[in-house]
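Please read the structure below before turning to the comments.
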Number of protein chains: 2
Amino acid sequence: MMLKNIDCGKLTKANVGQEVILNGWVQGWRDFGGILFIDFRDRTGIVQIVFNPAFSGSALDVGSRARNEYVLAVKGKVVERDPETFNANLATGEIEIQVTEVEVINAAKTPPFPIEDGVEVDESLRLKYRYLDLRRPEMQKTLLLRSKATKVFRDFLDDNGFIDVETPILTKSSPEGARDYLVPSRVHEGEFFALPQSPQLFKQLLMVSGIERYYQVARCFRDEDLRADRQPEFTQVDIETSFLSQDQLLGMMEQLMAKLFRETVGVEIPTPFQRLTYHDAIHKYGSDKPDLRFGLEIEDVTDIVSGSDVKVFASVAASGGVVKALNAKGCASWSRKELDDLQPFAARYGGKGIAWITVKDGEWRGPIVKFFKPEEIAALTERLNVEEGDLLTFSADKLKTAADVMGNLRLKVGRELGLIDNNAYRFLWVVDFPLLGWDEESKRFVAEHHPFTRPHDDDLELFNTDPGAIRAQAYDIVLNGYEVGGGSMRIYRRDVQEQMFKAIGLTAEEAQDKFGYLLEAFEFGAPPHGGIAFGLDRLVMLLAGRTNLRETIAFPKTASATDLLIDAPSPVADRQLDDLHIRVAIKTK
Amino acid sequence: MMLKNIDCGKLTKANVGQEVILNGWVQGWRDFGGILFIDFRDRTGIVQIVFNPAFSGSALDVGSRARNEYVLAVKGKVVERDPETFNANLATGEIEIQVTEVEVINAAKTPPFPIEDGVEVDESLRLKYRYLDLRRPEMQKTLLLRSKATKVFRDFLDDNGFIDVETPILTKSSPEGARDYLVPSRVHEGEFFALPQSPQLFKQLLMVSGIERYYQVARCFRDEDLRADRQPEFTQVDIETSFLSQDQLLGMMEQLMAKLFRETVGVEIPTPFQRLTYHDAIHKYGSDKPDLRFGLEIEDVTDIVSGSDVKVFASVAASGGVVKALNAKGCASWSRKELDDLQPFAARYGGKGIAWITVKDGEWRGPIVKFFKPEEIAALTERLNVEEGDLLTFSADKLKTAADVMGNLRLKVGRELGLIDNNAYRFLWVVDFPLLGWDEESKRFVAEHHPFTRPHDDDLELFNTDPGAIRAQAYDIVLNGYEVGGGSMRIYRRDVQEQMFKAIGLTAEEAQDKFGYLLEAFEFGAPPHGGIAFGLDRLVMLLAGRTNLRETIAFPKTASATDLLIDAPSPVADRQLDDLHIRVAIKTK
């Protein structure tokens with residue numbers, strides 16, 4: 001076949017007069033009075049190629065049989081177009097190719113959907129024909145962006161003395177947290193590998209090895225019930241360092257993010273990033289990943305209303321709950337239906353309801369207004385900065401629930417009021433997460449981040465008195481309301497690690513059985529260390545301005561963890577299961 | 001703790017007079033009359049730190065309790081050493097640190113083996129304590145080299161317009177070739193994912209997507225019986241291109257190899273590389289991965305000896321076999337035992353024996369000499385360039401066996417005669433592999449490379465007449481006798497792919513069931529494409545001058561596919577198996 005000597009998208013007026021060979025696909029064609037015009041596409045772009053009896057000879061006949069998505073090789077001369085036929089929509093729009101030779105390299109059936117941007121196609125059809133979906137310019141652009149973003153990560157880390165180390169995919173099951181994917185062993189009957197949920201313990205062991213600065217673009221696996229923004233396999237940029245303070249590490253990561261956004265989307269991100277404690281994030285924004293592209297802070301008014309005649313406020317306050325308020329500026333004009341809809345809205349986040357007050361014509365209105373004393377109204381007016389036209393909303397509940405309800409209401413109001421700048425990238429760190437959370441189901445503490453997270457030095461005593469109050473040296477990096485990464489300083493002393501395992505209910509034997517190698521490693525001179533992992537899929541999603549993780553992954557799985565293109569998972573031969581010493585055991589229902 | 005402000009290995013005379021803070025490990029210590037000298041190590045190197053009552057105060061007491069592998073933070077002044085105490089073995093040997101403050105960050109038990117190069121330790125102990133093994137300088141150097149080598153690959157490919165695309169790890173079982181690792185699905189009862197043996201089909205689908213140039217540093221998995229140089233998971237630099245000829249691709253890969261060796265080990269590799277057909281490689285060197293650091297070619301003498309009175313030569317020749325000869329120059333001096341040992345040597349490679357002739361004092365000696373006619377001796381003398389002191393060796397067998405015996409003898413002789421330059425890097429391409437090989441066990445043809453390999457255009461007709469004679473557009477890249485990569489041009493037409501599936505015994509239904517998506521993809525405008533995959537582990541092994549793949553992998557598995565550090569694989573909870581709808585079924589023996 002004729003091998004190309006230039007890419008379609010690279011042709012400009014500078015090539016006029018040259019004979020070129022192009023290889024690519026028919027994007028579209030039209031016949032004007034016996035002259036055939038084909039939009040000819042390769043990865044770099046589209047150029048018009050022309051078949052004309054005047055210069056194409058028998059190539060015209062061959063070209064005429066080509067249809068969309070045929071693969072052709074063409075030889076021809078680059079000529080300038082008539083100025084009136086310049087195509088401003090095409091980078092190559094000032095030139096065209098006069099074809100003298102053509103070769104049909106491969107034919108094509110009509111694709112199940114058009115190969116162009118903005119197609120309205122059922123996603124399952126796109127996934128089944130992913131190889132055609134990926135021909136569309138917006139998908140190619142996203143794959144390119146992802147490749148570029150990965151490279152920026154690597155370049156920054158390489159330049160800062162990090163070593164790229166590969167850790168195993170066939171590893172050990174330690175079902176803390178999410179479910180593991182298991183891999184039966186053929187050699188060791190009845191035993192299993194697990195796919196890693198993260199390279200956490202290996203990267204910590206690398207720190208014990210003295211590697212000091214490690215990174216890996218690491219595939220991770222979680223067999224969880226999938227939500228729209230989860231994939232069973234996902235990619236983290238995994239980072240670990242020794243001998244750095246949390247501040248030093250976070251500062252370095254800010255430079256990394258600044259470089260990433262500068263070099264992929266040309267946006268300058270100011271540093272340092274704002275830091276919020278977990279406590280403040282929850283209290284002010286009702287979320288541990290607040291979207292700070294707009295203000296609209298939540299206020300705590302428990303102190304003001306705890307003695308009020310609003311029964312629910314008083315009783316919640318008396319039982320250790322809180323009353324959270326959000327002033328939806330200018331929303332007094334909401335319709336009765338919109339106000340009524342606040343109740344199911346609250347219920348969605350576990351709340352019992354949202355009390356509201358509108359401020360119209362200088363007057364407070366709403367079912368609860370009559371219960372307030374004048375001094376309470378005065379105090380609320382000041383705390384919530386109440387002005388004409390405002391809608392005051394209240395949630396009284398346990399902190400977690402009230403925060404969740406108000407936090408989501410804040411997002412809804414922010415969106416509806418158009419407060420969110422879609423072109424802004426607003427980073428922040430959320431720090432000082434709690435180390436442990438109480439799990440009602442199992443009646444024990446569980447690690448909020450993971451059990452290798454280092455407690456604040458000042459809080460070590462609390463293991464014996466109030467474990468729930470221990471602050472962790474843990475941090476999340478949040479962008480526009482999405483958690484795009486997270487990490488912690490790690491425990492590096494055996495005694496502290498044992499204390500932690502005990503706090504989450506592991507017996508000494510269980511700790512030894514599951515994590516004995518880590519405990520032992522800490523006895524051979526483990527350095528202080530800590531790290532972070534960035535969610536590459538989500539970062540690329542935000543960089544590309546998409547809203548679905550699947551758009552950033554070449555071959556994603558569906559929400560039911562299937563690959564529609566290759567049809568996986570699928571049944572296997574009994575002989576394969578025999579080799580692996582397992583048998584399928586489907587429960588009758 | 002005191003955070004370091006400089007690395008140990010970066011200290012030079014330029015730092016004299018500065019106060020520095022170092023974080024690191026005690027490599028060794030000695031006490032000379034109340035003055036404590038510690039060799040202090042971090043990733044960058046070792047520096048001597050000195051505790052002296054004259055300037056260390058109470059730090060001396062603390063320092064005196066430190067033992068090997070303790071983690072310390074020290075503050076002190078950089079001073080020049082007395083010239084007579086310069087340590088030429090240490091990059092930092094002209095200076096030392098006068099310690100004024102010290103902090104014990106972590107204590108250390110005595111390691112099970114010394115943290116230094118060249119330790120003679122049982123490998124299983126090294127693997128169990130891998131985090132200590134990786135502290136040794138030669139291991140750190142290898143990890144650094146691997147990180148660097150990966151970066152050179154990426155840089156070259158990025159600079160040449162390749163896109164880094166991640167393909168799935170949870171994929172579909174298609175047990176052509178090696179055994180798959182399986183992953184039971186929780187969501188889809190009785191179904192399984194498989195870990196990829198390579199991203200072969202995904203990268204081909206990316207070509208159908210019009211990506212044109214793809215690469216990935218890809219983890220691959222094969223559940224095979226492990227030899228010393230195999231790992232259940234291994235890393236390939238996986239590459240695929242569209243619209244390139246085989247020559248163009250190979251030429252580009254030669255530039256890649258040249259860059260890799262230039263930038264990692266500073267060696268200039270001449271290009272283009274030699275190319276040998278598979279036929280010539282087997283005939284001349286008895287191997288499809290010949291070590292060309294030395295000559296010593298094997299000759300075919302079937303024509304000369306087919307009519308001889310050496311019965312075995314004549315009968316082998318008559319039954320379609322070959323007689324291969326190697327002139328072991330200068331080996332006539334081999335002892336009787338060495339000559340006798342040729343028989344078990346041949347047996348090791350499936351041969352029936354090796355006939356030999358010594359040439360001493362102008363005379364041919366050996367059991368078969370008496371059967372030769374003078375004209376046969378004359379012809380052998382010329383063909384084998386026989387001279388005084390030579391040892392002539394012969395293997396008569398089917399081509400494959402005779403080649404294997406003589407190829408291995410060639411390596412043995414080359415090694416024993418010191419013909420191999422250990423500092424040389426000798427690349428070559430082996431091309432024109434057979435497409436299909438006959439499998440005696442299953443009585444059918446199997447794909448020599450894989451069933452997606454494109455046959456030579458000229459050989460397509462042979463599908464109907466002589467499938468075993470079809471040459472593949474397949475190539476291996478060989479370095480110093482190791483296959484370090486391989487690939488092929490791929491089939492891109494449905495009809496050819498179907499012909500290939502049929503040739504290896506798949507029914508149309510089986511082909512559709514296993515590879516229907518690929519066949520269908522070829523109908524929507526698939527471009528001509530081809531690629532290669534480099535074995536990163538083996539390349540790094542050769543770059544590092546090691547002889548064991550495990551030395552190049554941070555956390556390798558043993559020959560029985562176990563991870564001795566984390567103890568994987570391991571039993572799991574019944575509840576986990578229930579979730580996955582499987583049960584362990586161990587056969588009683």
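Lettering of chains follows the sequences in order, A, B, ..., and the numbering in each one begins at 1.
Heavy-atom distances place both the backbone and the side chain of B:F202 under 4.5 Å from chain A. For A:K148, no part lies under 4.5 angstrom from a heavy atom of chain B. When heavy atoms are compared at a cutoff of 4.5 Å, B:N68 does not approach chain A at all. Of the atoms belonging to A:L580, it is side-chain heavy atoms, and not backbone ones, that fall under 4.5 Å from chain B. With a 4.5 Å cut-off on non-hydrogen atoms, B:D42 touches chain A through its backbone and its side chain both. No part of B:R136 comes within reach of chain A, as not one of its non-hydrogen atoms sits under 4.5 angstrom from that chain. For chain A, the nearby part of B:L536 is the side chain; its heavy atoms alone come within less than 4.5 Å. Contacts of A:R219 with chain B are made by side-chain atoms alone, with heavy-atom separations under 4.5 Å and no backbone atom involved. The part of B:V187 that comes within reach of chain A is its side chain, from C-beta onward, which places non-hydrogen atoms under 4.5 angstrom from that chain. Heavy atoms closer than 4.5 Å to chain B are found in the side chain of A:S185, but not in its backbone. Heavy-atom distances place both the backbone and the side chain of A:N23 under 4.5 Å from chain B. Of the atoms belonging to B:L518, not a single heavy atom falls under 4.5 Å from chain A. In this structure, no portion of B:S242 lies under 4.5 Å from any heavy atom of chain A. Residue contact with chain A, scored on non-hydrogen atoms closer than 4.5 Å, involves the side chain of B:Q248 exclusively. Residue B:R154 touches chain A through its side chain alone, counting heavy-atom pairs closer than 4.5 Å. For B:L195, the part lying near chain A is the side chain, with the backbone staying farther off; criterion is any non-hydrogen pair under 4.5 Å. Only the side chain of A:V165 comes within contact range of chain B, judged by heavy atoms closer than 4.5 Å. Of the atoms belonging to A:R41, not a single heavy atom falls under 4.5 Å from chain B. Only the side chain of B:Q140 comes within less than 4.5 Å of a heavy atom of chain A; its backbone N, CA, C and O stay farther away. For A:L577, the part sitting under 4.5 Å from any heavy atom of chain B is the side chain, from C-beta outward, and nothing else. Only the side chain of B:Y129 comes within less than 4.5 Å of a heavy atom of chain A; its backbone N, CA, C and O stay farther away. The part of B:M1 that comes within reach of chain A is its side chain, from C-beta onward, which places non-hydrogen atoms under 4.5 angstrom from that chain.
Among all heavy-atom pairs drawn from B:V71 and A:A526, the shortest one is CG2-O, 3.8 Å. Between A:L244 and B:L3, the closest heavy-atom pair is C-CD2, 4.2 Å. For the residue pair A:A568 and B:K172, the shortest heavy atom distance occurs at CB-CB, 4.0 Å. Shown here for B:E166 and A:A554, the closest heavy-atom pair between the two residues is O-CB, 4.0 Å. Closest non-hydrogen pair, A:V208 versus B:W25, comes out as O-CZ2, 4.3 Å.
The salt bridge (charged side-chain N to carboxylate O under 4.0 Å, His left out) search around A:D567 returns none, not counting sequence neighbours. Considering only residues two or more places apart in sequence or on other chains, B:K109 meets the salt bridge (charged side-chain N to carboxylate O under 4.0 Å, His left out) condition with A:E523.
Contact of the A:T171 side chain with the B:I566 side chain is registered, since non-hydrogen atoms from C-beta on lie closer than 4.5 Å. Contact annotation: the side chain of B:E212 approaches that of A:K4 to within less than 4.5 Å [non-hydrogen atoms, C-beta and beyond]. Using a 4.5 Å heavy-atom threshold, the side chains of A:D7 and B:F243 count as separate.
Heavy atoms from other residues, nucleotides or ligands lying under 6.0 Å from CG of B:D159 number more than 12.
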For the pair B:R186 and A:D180, evaluate salt bridge (charged side-chain N to carboxylate O under 4.0 Å, His left out) and give the outcome as yes or no after the intermediate values. CA-CA 10 Å; B:R186 179 175 55 82; A:D180 285 327; over 6 Å; no
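Ring-plane geometry between B:F524 and A:Y131 is classed as tilted, the angle between the planes lying from 30 to 60 degrees on a 0 to 90 degree scale.
Counting heavy-atom pairs under 4.5 Å between each of B:V183, B:D164, B:I169, B:L134 and chain A puts B:I169 at the top. Of the listed residues (A:A108, A:S570, A:G190), the greatest number of heavy-atom pairs within a distance under 4.5 Å of chain B belongs to A:S570. Chain B forms the most heavy-atom pairs under 4.5 Å with one residue out of A:L170, A:D578, A:I582, A:D563, and that residue is A:L170.
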